[in-house]
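Report on one structure; see the data block that follows.
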Amino acid sequence: MTGNITLIAHTAANKKTPAVDLRPASPEDAESLAQLYYSSYEQGGVSSLDEAREVVRGVFDGKYGPFLPDASPVVVDDDGTVVAAALVLARRIGDDLPDVPYIFELFTAASRRRQGLAEQLVRCAIGTLFDNGYDQVCLRISEDNAAALALYLTLDFNRWAPETDYV
């Protein structure tokens with residue numbers, strides 16, 4: 001069984017113009033987000049669409065921490081379907097994490113992977129956090145998720161441990 005690692009990064013202005021249209025997530029996106037969340041993970045994630053709905057509703061309701069809609073971009077197809085999303089909290093409730101904004105989930109439709117959407121979403125989220133006065137952002141991933149780790153290391157995330165300060 002693998003564990004999770006916590007990564008942390010400094011926020012910065014987003015100097016790259018996204019190649020796709022991004023907009024903030026809203027409660028009206030809840031069903032589309034739940035369907036995408038459920039279908040995005042082969043393992044882990046959630047075990048049913050109902051559980052995905054519960055998690056997404058919990059994000060909007062603040063169950064896991066205060067939701068930051070402006071820092072939570074989504075990519076929407078021409079037909080209005082959400083195909084990629086980053087959901088960001090002001091801080092994560094109940095976990096041993098730094099007291100900084102937290103990327104709660106980042107997910108992309110299988111048909112839209114390998115198009116750079118995840119990187120664009122994270123850059124947008126980090127830029128919005130920076131613009132709103134936040135200095136850092138963190139997240140937690142499975143230590144065996146090589147693709148996610150590679151993405152976050154490319155975006156200047158570093159491992160965080162409670163015993164150390166990230167400066």
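- A side-chain hydrogen bond (donor to acceptor under 3.5 Å, both in side chains) check over residues 57-69, counting only residues at least two apart or in different chains, returns nothing.
- Taking each heavy atom of Leu33 and Val82 in turn, the nearest pair found is CD2-CG1, 3.8 Å.
- Residues passing the side chain to side chain contact (heavy atoms under 4.5 Å, CB included) test with Asp131: none are found, sequence neighbours excluded.
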Point to revise | Worked check of side chain to side chain contact (heavy atoms under 4.5 Å, CB included) between Arg159 and Leu7 | key: CA-CA 4 Å; Arg159 286 181 185 250; Leu7 302 175; 4.0 Å; yes
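- Heavy-atom minimum distance, Ala25 versus Leu87: CB-CD2, 4.2 Å.
- Tyr152 meets the side chain to side chain donor-acceptor pair (under 3.5 Å) test with no other residue; sequence neighbours excluded.
- Listed by first and then second residue, the ring pair (Phe, Tyr, Trp, His ring centres under 6.0 Å) pairs that reach into residues 111-147 come to none, sequence neighbours excluded.
- With values rounded to the nearest 0.5 angstrom, Asn14 atom CG is found 6.5 Å from Cys124 atom SG.
- Sorted by first and then second residue, the side-chain hydrogen bond (donor to acceptor under 3.5 Å, both in side chains) pairs involving residues 18-32 (not counting sequence neighbours) are Arg23-Asp29, Ser26-Glu28, Ser26-Asp29, Glu31-Gln35, Glu31-Arg53.
- Applying the side-chain hydrogen bond (donor to acceptor under 3.5 Å, both in side chains) test to every pair with at least one member in residues 72-81, sequence neighbours left out, gives these pairs: Asp77-Arg112, Asp79-Thr81.
- When the ring pair (Phe, Tyr, Trp, His ring centres under 6.0 Å) test is applied to Phe60, the partners found at least two apart in sequence or on another chain are Phe67.
- Between Val74 and Val76 there is a side-chain heavy-atom pair separated by less than 4.5 Å.
- Residues Val75 and Leu121 have side chains in contact (heavy-atom distance under 4.5 Å, counting atoms from C-beta outward).
- When all heavy atoms of Leu36 and Ser40 are compared, the pair lying nearest together is O-OG, 2.6 Å.
- Leu155 pairs by the side chain to side chain contact (heavy atoms under 4.5 Å, CB included) definition with Glu119, Val122, Arg123, Leu151, Phe157, not counting sequence neighbours.
- With a 4.5 Å cut-off on side-chain heavy atoms, Pro101 and Arg91 do not count as touching.
- Rounded to the nearest 0.5 Å, atoms CG (Leu68) and OG1 (Thr128) are 10.0 Å apart.
- A distance-only check finds a donor-acceptor pair linking the side chain of Glu143 to the backbone of Gly3 [under 3.5 Å].
- Taking Asp70 as the reference, nothing meets the side chain to side chain donor-acceptor pair (under 3.5 Å) condition, with sequence neighbours excluded.
- The shortest side-chain heavy-atom distance between Ile8 and Val137 does not fall under the 4.5 Å cut-off.
- Atoms CG and CG, on Leu22 and Leu117 in that order, are 8.5 Å from each other to the nearest 0.5 Å.
- Residues satisfying the side chain to side chain contact (heavy atoms under 4.5 Å, CB included) test with Ser48, not counting sequence neighbours, are Asp50, Glu51.
- Considering only heavy atoms from C-beta on, Trp160 comes within 4.5 Å of Pro98 through its side chain.
- Here the closest heavy-atom approach between residue Pro73 and residue Ala71 is recorded as CD-O, 3.2 Å.
- Residues satisfying the side chain to side chain donor-acceptor pair (under 3.5 Å) test with Thr6, not counting sequence neighbours, are Arg140.
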Tell me which donor-acceptor pairs under 3.5 Å the side chains of residues 103-110 have, and how far apart each pair is, sequence neighbours excluded?
from: Glu105; atom 1: OE1; to: Tyr41; atom 2: OH; distance (Å): 2.5
from: Glu105; atom 1: OE2; to: Tyr37; atom 2: OH; distance (Å): 3.2

